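Letters go in sequence order (proteins before strands), and every chain restarts at 1. Since the structure is predicted, the reported quantities are computational estimates derived from the model, not experimental observations.
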Amino acid sequence: MYDHTQIEPKWIKTWDKNKTFKVDVKKAKKPFYNLAMFPYPSGEGLHVGHIIPYSGVDTLGRFMRMRGFDVFEPMGFDAFGIHSENFAIKQGIHPKTLIAKTTQYFRDQQMKRLGTLFDWEREVNTTDPNYYKWTQWIFVQMFKHGLAEKRKAPVTYCPSCKTVLSDEQTEIAKQSQPQGLTDKTPGVEPSAPGVVSVTVCERCKTPIERRELEQWFFQITKYANKLLENLDHLNNDVWGKDQKIPEKDLKNGINWSEKTKRAQRNWIGKQEGIEIKFSIKYQESLASSDTGRASIKQDGITVFTKFPETIFGVTYIVLAPEHKLVSQLTTPEQKKAVEEYINQVKGKTEQERIAEGKTKTGVFTGSYVTNQVNGEKVPVWVADYVLATYGTGAVMGVPAHDERDFAFARKYGLPIKRVVLPKNSHKSFILKESVPSDFVETLKKNGYENISYDFNGNIQVEFNYDQFANSFIKLVAQALDAKYFVDVVGSNNIFVFKDKVMYFTDSHDEKKIIGEITRRWPDFAKNRTLFPLMGFQWGDEVAETTFYHDYLCFEENGILVNSKGFDGMQSQKDGREAIVEWMVKQGWAGRKTTFKLRDWCISRQRYWGPPIPMINCSKCGWQPVPEKDLPVVLPFVEDYQPTGDGKSPLAKDKAWMKVKCPKCQGWAERETDVSDTFLDSAWYFLRYPSVGLTDKEPWDRTVTKKWLPVDIYIGGNEHAVLHLMYARFITMALKDMDFIDFEEPFKKFFAHGLLIKEGVKMSKSRGNVVNPNIYLDKYGADTLRMYILFLGPYEAGGDFRDTAIAGTYRFLNRIWTLINNYPNLIITSKEVSQKLEAVKNKTVKKVTDDLSSLQFNTAIASLMEYYNFLSDVVTKELPNQPKQNKLALSCAEWDSAIKVLVLLLAPFAPFISEELWTQINKKSLQSVHDQPWPKYDESILKNQEVVIVVQVNGKVKDKITFSTQESRVQKEVEKAVMNSPKVRATLANKKIAKTIFVPGRLINLVT
RNA sequence: GCCGAGGUGGUGGAAUUGGCAGACACGCAGGGUUUAGGACCCUGUAUCCUUAAACAAGAUGUGCAGGUUCAACUCCUGUCCUCGGCACCA
């Protein structure tokens, strides 16, 4: 039995003392920057989830080290931020005290036990003034280069954390709706408990609010294009001029996974579209301000759209409540209503808005604008379904061809104008009592096959060609009861009555048709449009339509109608092109690209972060703190809890706030907000190689050039969008400011999977978070590391089971026993000896390949197979051992076999391999981790005996062994196959029609 | 709704990219060893069926339904389900 409790501490001490893994950042010849995401030191300590990136990175690092690279593997602590602060509040301990304690625990009690290459002399701690001095310095540079600005902005606010959150720090939670409401409402059927989506704070899961505050922003949107474009360049060797891992060694190349890139692309959300201007003509009804009137006259309203071809279908315009023109456009009569609406929207929390579902609300401003393509006047509305932050904050309402506009128009009775028709297809709905019961038979006889029924037994018909419509109308009219009518929706909207057929193309038709229906159905008079009818909704509230929905609100490609000279064109193809070209030529529109990406709100009204290094002078405005005065040290504030009044706790320290303006030397005030934690982590990888530099520069340029960009970065997928985006942005900005020489920080990013505990997601709230120390104590670091990598594919994570980890421990024990019991086995059989050589080479190849592509689980499996084989060798050879003094003998083959075993094991299980290595090489003081990685001999692999699979009609009947040469010659194989009794029996007297031969693989006889 | 990933034994997962499905491990069963438990070692372990039983033979089998092929977990078409991410983005 091997005793990890003895071996592991011993080697930690020895390696530490000998500085075995120390890298000289200046002298290193083959630098390999091997990075795992640093943790935030919460009070709970590391959990096993953290071990995934560390095991993976370290195993790769040790492998690369043995392959001759100078592996730099740093570690640090992301110790500022809300996580840490909230934990401090919970514990009632000042974060400054608490963080010192927790980082110490993380480092000394947990991380150091893992046996990693982490270079603790280059630890980074974001709360160290020597570090955040430079975080602040970056802020100052951003300001100086026009990338930071303070502006009032609607922000997401967490009432529990009492701080502003970036959109990225929120998430959608599903909450079940309070059921009482619906159950008690008279006339409403008790419904199943509804599930509502609620936007909540990512950390504390409290529903968020919206507020307006003055905030510092980094203008990441200026880099939107570059952030997007570079994603296509992150492939293989674009940054690989001095590529450190040969591509064949890292199978996936130096790049990011498609998945991560897609997530980033999605987040940036580039959209090509058109901006269209609607002119303002009806000035007489405008609000009083003269200046307002003048400017409106010139400006008009610009909307952004991806569907310019529907321009002739515009029946109204919507502005976001925050839109600049709202107040100017509101007429005196509508002023009260609009103001009330805006206040209501502002006061509404996100939760309430979402709880309302997608129900649209809005008010009319009283103003109209002109649609320049046809001179129509269309009303301007204000509605909160339009976002102020996307596009121009204004939208053209095309209810016939946009889902949201459709819902809005139906709610407020706005006209719906079709300009795109579905190509040649129709749907019709027939009440069952309106036709004879054999009507369906009649339809079927006439070739209508696509017939179904709704839950009441009413008839639903779909058919595809225009010529069918006429015969359908005839059939229906013949069969129809005079009290009823039937509607047909499609490229024509038709209402069929017993004695007449009415076509519905515009609102004029609509009134007539409503009149006709009302004659039969007086109840219908209260409807302003036909749409409720076609949607089967009779109440005031128009819900989602069902059967006709796709045709009534048609969002796909179709044929343009009612569009001047563009009728008949394909809406989303030539029609779109033609209309855009025409509008641009007329000066009414311009092509425009927009992004979903928003500017990065940097301000946090909290205590535990680097103070934003800015000074507000009443005379000179915002001034950056002079670089010589950095860092702005975070003052010790006893009562550091967030105030909730929109100000940071730092605002309590009036003496600290008071400062001379760097420009005019008059009295001024410091900014009291601190910066977002994501800024701390957006540049930490730049600092590691230069830790220790304190004076003039954040990093040593030569050293940086040598080590960066990072060769491989491993971390959780939850950071694939935010952290990675911010780090890329800061890197690009620094490159443009000429502080570094590259614009992409990470050559390769690898997102590892997550751990599940006995089938359930591991989380603090479930209380099933596992402290790795339990396993470190029981089984040791080697076992834990290896087990975690063995669980499943690295990118997929796996299920952590107590019983399974014991299996890995047993495996290490077996190796220990094997090598201790049989250090000098003598191989007597030539056959065994040959086989041994083959298996050894095969294993080396497999482990090498798998490690290169981070397929740890299969690498470990092949190590286990290798062990199983060695164990068989022992069993076979044991009876043949010579009777002499065993210690005096040795066998080169066996010696090499077990050495290879230990070498291949070393990256995974550094402690036990080191111990075994010293046992095998009694005299040598060399570390196993300084040994070269074993090589394999391709020629041995190629010259093995080959098993050919023999199939008859694709079914395996026999397996025959050949030499490599023979296995490639069809004649040889065929000859042997014909001698096989099994094959003969199966073939009997059948004739072979065809023979498929795959050299070295199989032979298939087809009869 | 949109985007992405995935469905293989009792379980976690393999499968050279179209060529022996289930490597490796867990669990389970039987045996050995042990005073006992644990640990360790050996053997077996997809399902069904034939046989008194063993040896063995056969059939079925990678979510479901089709297709291509001498040959499909792998390719194509359709469909169902699960898990992630985004979501009033015009």
So that I know where these two stand, are F790(A) and F856(A) an aromatic pair - ring centroids less than 6.0 Å apart?
no
For F750(A) and W256(A), I'd like to know if the aromatic rings sit close, meaning centre-to-centre distance below 6.0 Å.
no
Would you classify Q951(A) as touching base, sugar-phosphate or nothing, given that sugar-phosphate means primed atoms plus P, OP1 and OP2, and contacts are heavy atoms under 4.0 Å?
base
What is the nucleic acid contact for R1001(A), judged by heavy atoms within less than 4.0 Å: base, sugar-phosphate only, or nothing?
base
Side-chain atoms of L1002(A) come closest, of A25(B), G19(B), G13(B), to G19(B)
If anything within 90° of 0 is syn and all else is anti, what is U60(B)?
anti
When all nucleic acid strands are considered with a 4.0 Å heavy-atom cut-off, which category describes G391(A): base, sugar-phosphate, or nothing?
nothing
N-glycosidic conformation, G9(B) - syn within 90 degrees of 0, else anti
syn
Between Y809(A) and Y787(A), does the ring centre distance come in under 6.0 Å?
no
Kindly point out which of A90(B), C70(B), G13(B) is positioned nearest to the side chain of K994(A)?
C70(B)
Sugar-phosphate, base or nothing in reach of N717(A), heavy atoms under 4.0 Å
nothing
Answer with base, sugar-phosphate or nothing: what part of the nucleic acid does K596(A) contact at a heavy-atom distance below 4.0 Å?
base
My understanding is that only residues two or more places apart in sequence, or in another chain, count here; which of them pass ring-ring contact (aromatic ring centres under 6.0 Å, His included) with F312(A)?
none
Is the distance from the ring center of W588(A) to that of F278(A) below 6.0 Å?
no
Per-residue pairing states of RNA chain B in dot-bracket (Watson-Crick or G-U under 3.5 Å; . unpaired, | other strand) read (((((((..(((......[....)))((((((.......))))))(((.(.....).)))..(((((..]....))))))))))))....
